[in-house]
2 protein chains.
Amino acid sequence: MERIVRKYRGKGFKLTPQRIAILKFLEGNTSHPTAEDIYTEIKKRYPTVSFATVYNTVQVLRDKGELLEITIDPARKHFDPNPAPHHHIMCTGCGRIGDVFVDYSAALNLPDEVTSQFTTTGNHIDFYGVCNACRTKNIN
Amino acid sequence: MERIVRKYRGKGFKLTPQRIAILKFLEGNTSHPTAEDIYTEIKKRYPTVSFATVYNTVQVLRDKGELLEITIDPARKHFDPNPAPHHHIMCTGCGRIGDVFVDYSAALNLPDEVTSQFTTTGNHIDFYGVCNACRTKNIN
DNA sequence: TTACTAACTTAGAATAATTCTATTATAGAA
DNA sequence: TTCTATAATAGAATTATTCTAAGTTAGTAA
Ligand SMILES: [Mn+2]
Ligand SMILES: [Mn+2]
Ligand SMILES: [Zn+2]
Ligand SMILES: [Zn+2]
């Protein structure tokens with residue numbers, strides 16, 4: 001089949017129909033879905049799919065570095081099929097999560113009291129804000 | 001009694017013994033405890049204290065702007081009695097969370113494709129790293 | 001002081017996200 | 001085609017957090 005199958009074939013990763021459906025759903029998806037979002041979508045074509053399959057698949061993808069786990073939402077995890085380092089902005093009204101493709105690393109110098117305690121390996125910025133739809137709604 | 005009681009008296013906030021114990025535990029605490037950490041500590045003096053009291057109290061403090069909820073750890077929430085804007089660094093080995101008291105806001109300019117979609121209200125940076133204790137341990 | 005009551009505490013149930021387990025099925029290799 | 005390691009599934013288990021209903025109390029005001 002298509003690109004996705006080519007991309008994952010022969011990587012010690014069995015390409016089952018459920019996995020292909022999950023990979024297709026995630027491919028290029030910038031909505032930062034939750035496990036339930038993925039489950040609900042895959043269930044349309046595979047009505048017997050289980051949450052375990054969703055969680056197992058995202059875990060494998062995470063271990064392969066193909067997917068990131070986003071912690072910006074205190075209520076649940078969101079997943080991001082774009083493993084390139086980037087940041088996020090969440091609407092405090094509706095929870096929508098947008099991408100911020102800027103590398104701020106050069107500006108994020110840590111003070112000595114931190115560098116003396118930690119060897120830094122990465123960073124991720126959570127921005128908070130209000131999306132246009134929610135702002136419009138609140139102008140009652 | 002002491003500072004804490006003075007600070008919270010007469011703010012539409014009943015000062016029960018359990019709450020005073022929680023406030024005392026949190027006062028100046030930079031360990032970013034979880035609800036369970038707080039519960040375990042308070043239980044020493046109040047063996048019948050419940051998780052509901054811990055969660056209710058941190059929720060009230062959060063609503064009053066006296067406490068922050070930290071999302072850096074995907075497994076559970078951590079609480080921070082320092083409501084001043086600051087950032088965090090978590091050790092990927094042991095989970096220890098340290099403070100980063102630097103305001104990077106001036107450097108965190110967002111691109112137009114984001115500002116056209118969101119009105120930004122805040123930011124929080126998660127730094128990741130390895131603490132000295134864990135680094136030493138890994139030099140086997 | 002005393003009495004009152006809104007606010008609080010508690011045990012335990014409920015909910016919700018995530019993980020685990022045992023069984024059955026199958027992708028991919030030989 | 002056969003084989004087997006790996007995966008899918010249903011459902012139970014676990015864990016974090018919230019809710020509920022009943023009893024208690026801090027703080028107010030007479
Ligand atoms: Mn993203
Ligand atoms: Mn802090
Ligand atoms: Zn919104
Ligand atoms: Zn550590």
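In what follows, chains carry the letters A, B, and so on, assigned in the order in which the sequence lines appear, proteins first and then strands, with residues in each chain numbered from 1.
- The main-chain N or O of A/Gly129 is found under 3.5 Å from a side-chain atom of A/Thr92 such that the two form a donor-acceptor pair.
- At whole-Å resolution of the value, NZ in B/Lys77 and P in D/dT15 are 18 Å apart.
- Remark: P of D/dA16 and CG of A/Asp73 are 18 Å apart, rounded to the nearest angstrom.
- At whole-Å resolution of the value, CG in B/Leu61 and P in C/dC8 are 11 Å apart.
- In terms of phosphate contacts, B/Gln59 brings no side-chain nitrogen or oxygen within less than 4.0 Å of OP1 or OP2 of D/dT18.
- Per the geometry, NZ belonging to A/Lys11 stands 14 Å off P belonging to C/dA29, to the nearest Å.
- In this structure, A/Glu69 places its CD atom 15 Å from P of C/dA17, rounding to the nearest Å.
- Taking side-chain N and O atoms only, B/Arg19 has a distance below 4.0 Å to OP1 or OP2 of C/dC8.
- Atom CD1 in A/Ile20 sits roughly 13 Å away from atom P in D/dA7 (whole-Å rounding).
- With salt bridges taken as basic N to acidic carboxylate O contacts below 4.0 Å, one links A/Arg3 and A/Glu27.
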For every nucleotide of nucleotides 23-30 of chain D, 5' to 3': is a protein heavy atom under 4.0 Å from its base (B), only from its sugar-phosphate (S), or from neither (-)?
-> --BBS---
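- Contacts with DNA chain C (heavy atom under 4.0 Å) in residues 46-54 of chain A: A/Ala52, listed by number.
- Listed for the B/Thr71 side chain is no donor-acceptor partner under 3.5 Å among the backbone atoms of A/Pro74.
- Within a 6.0 Å sphere centred on CZ of A/Arg45, heavy atoms belonging to other residues, nucleotides or ligands number 12 at most.
- In this structure, A/His124 contributes its side chain and A/Gly122 its backbone to no donor-acceptor pair below 3.5 Å.
- Residues A/Thr53 and A/Asn56 have side chains that never bring a donor and an acceptor to within less than 3.5 angstrom of each other.
- With respect to the salt-bridge test (charged N to carboxylate O, under 4.0 angstrom), the residues A/Lys7 and A/Glu66 qualify.
- No side-chain N or O of B/His86 forms a donor-acceptor pair with one of B/Asp103 less than 3.5 Å apart.
- No hydrogens or angles considered: nothing links the side chains of B/Asn123 and A/His87 as a donor-acceptor pair under 3.5 Å.
- Residue A/Tyr55 places at least one side-chain N or O closer than 4.0 Å to OP1 or OP2 of C/dT18.
- B/Arg76 places its CZ atom 5 Å from the P atom of D/dA16, with the value rounded to the nearest Å.
- Spacing between atom CG of B/Asn56 and atom C1' of C/dG12 amounts to 15 Å, rounded to whole angstrom units.
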